[in-house]
Amino acid sequence: NTFIKNKCFFNFSLGIKKKVTSVICFFLIIILSLFVSAVKEDFTITGKSDMDVYKCYTADETITVGNTGDIITNYTVSLSGSGARFVSSVEPSVFSLAPGKKQDIKINFRIPCNAKKRYRLNVNVYTSFALKKSLSQNLVVRTPLNIELTPVVYGKSIKPCESASY
């Protein structure tokens, strides 16, 4: 701080050597501040806002995280909301992405037979530098239309050259 006060501000009473040093110092500060502000960390999360799932069944959903920043970033996925209790796995839950790259995240669900109509699921993604974004999804629980089939076997013996009808 003292160096900046004494050496880097323009003082017209200084000699030519000190003025050159001041100019160089000034431009170094500007260049360093531009470099620090140019590096950014950012990302996107994409996925469905409503997801149909069925009672007594398993399901899976894929969301995509894309690194739109300027640096390689580490990500951690966590879940919250009333629908999080139906999640059996998240793959991968921790990963790294280079700038411009994307990662698909597979979320597996196991829906119980007594599930109600609608649940909220928040997919939270955190970076190693504490940037957080969330994707909110609605799990819409449907009752499957089951058809019960009972096969009936009909058998009839026929002799050679006789006809049979079915």
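Not measured: the values here are computed from a predicted model.
- Residues in residues 108-119 take part in these salt bridge (charged side-chain N to carboxylate O under 4.0 Å, His left out) pairs, two or more places apart or across chains: D50-R118.
- Here CE of M51 is found 5.0 Å from CG of L139. Values are rounded to the nearest 0.5 Å.
- The closest side-chain heavy-atom distance from K102 to T64 is below 4.5 Å.
- Separation of atoms CD (E61) and NZ (K106) is listed at 11.0 Å; rounding is to 0.5 Å.
- Annotation for F43: atom CZ counts as buried by contact number, over 12 foreign heavy atoms lying within 6.0 Å.
- Within 6.0 Å of atom NZ in K48, 12 or fewer heavy atoms from other residues, nucleotides or ligands are found, so the atom counts as exposed in its surroundings.
- In plain terms, the two heavy atoms of P99 and G69 that are nearest each other are CB-O, 3.4 Å.
- In this structure the side chain of L79 reaches within 4.5 angstrom of the side chain of V90, judged on heavy atoms.
- The heavy-atom pair separating R142 from D52 by the smallest distance is NH2-OD1, 3.3 Å.
- I105 has its side chain out of reach of E91: every pair of non-hydrogen atoms, C-beta onward, lies at least 4.5 Å apart.
- The heavy-atom pair separating N124 from S80 by the smallest distance is ND2-OG, 3.2 Å.
- In plain terms, the two heavy atoms of K55 and A115 that are nearest each other are CE-O, 3.0 Å.
- Y54 is not connected to V141 by any chain of hydrophobic side-chain contacts under 4.5 Å among Ile, Leu, Val, Met, Phe, Trp and Tyr, and they are in different clusters.
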Before giving the answer on side chain to side chain donor-acceptor pair (under 3.5 Å), spell out for N108 and S88 the whole-Å C-alpha distance, their side-chain angles and the decisive distance to 0.1 Å.
-> CA-CA 6 Å; N108 298 302; S88 56; 5.1 Å; no
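- By the 4.5 Å heavy-atom criterion applied to side chains, Q137 and S49 are not counted as neighbours.
- Annotation: ring pair (Phe, Tyr, Trp, His ring centres under 6.0 Å) contacts involving residues 96-124, sequence neighbours excluded, comprise F86-Y119.
- Checked by atom type and distance alone, the side chain of T68 never pairs as donor or acceptor with a backbone atom of G66 at under 3.5 Å.
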Please test T58 against I111 for side chain to side chain contact (heavy atoms under 4.5 Å, CB included), starting from the C-alpha separation and ending with a verdict.
-> CA-CA 6 Å; T58 59; I111 309 301; over 6 Å; no
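- Salt bridge absent: D70 and K40 never bring a charged side-chain N and a carboxylate O closer than 4.0 Å.
- Q103 has its side chain within reach of P92: a pair of non-hydrogen atoms, C-beta onward, lies under 4.5 Å apart.
- Grouping the Ile, Leu, Val, Met, Phe, Trp and Tyr side chains by contacts below 4.5 angstrom, directly or via other members, places V87 with I45.
- Residues V140 and V123 fall into different hydrophobic clusters, defined by Ile, Leu, Val, Met, Phe, Trp and Tyr side chains chained together at heavy-atom separations under 4.5 Å.
- Side-chain atoms of Y75 and S96, non-hydrogen and from C-beta on, never get closer than 4.5 Å to each other.
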Can you list the steps and then say if D104 with T62 is a side chain to side chain donor-acceptor pair (under 3.5 Å)?
-> CA-CA 6 Å; D104 287 339; T62 301; over 6 Å; no
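- Taking a 6.0 Å sphere around CD1 of I72, one finds it holds 12 or fewer heavy atoms contributed by other residues, nucleotides or ligands.
- In this structure the side chain of I63 reaches within 4.5 angstrom of the side chain of L135, judged on heavy atoms.
- Considering only heavy atoms from C-beta on, V94 stays 4.5 Å or farther from N74 through its side chain.
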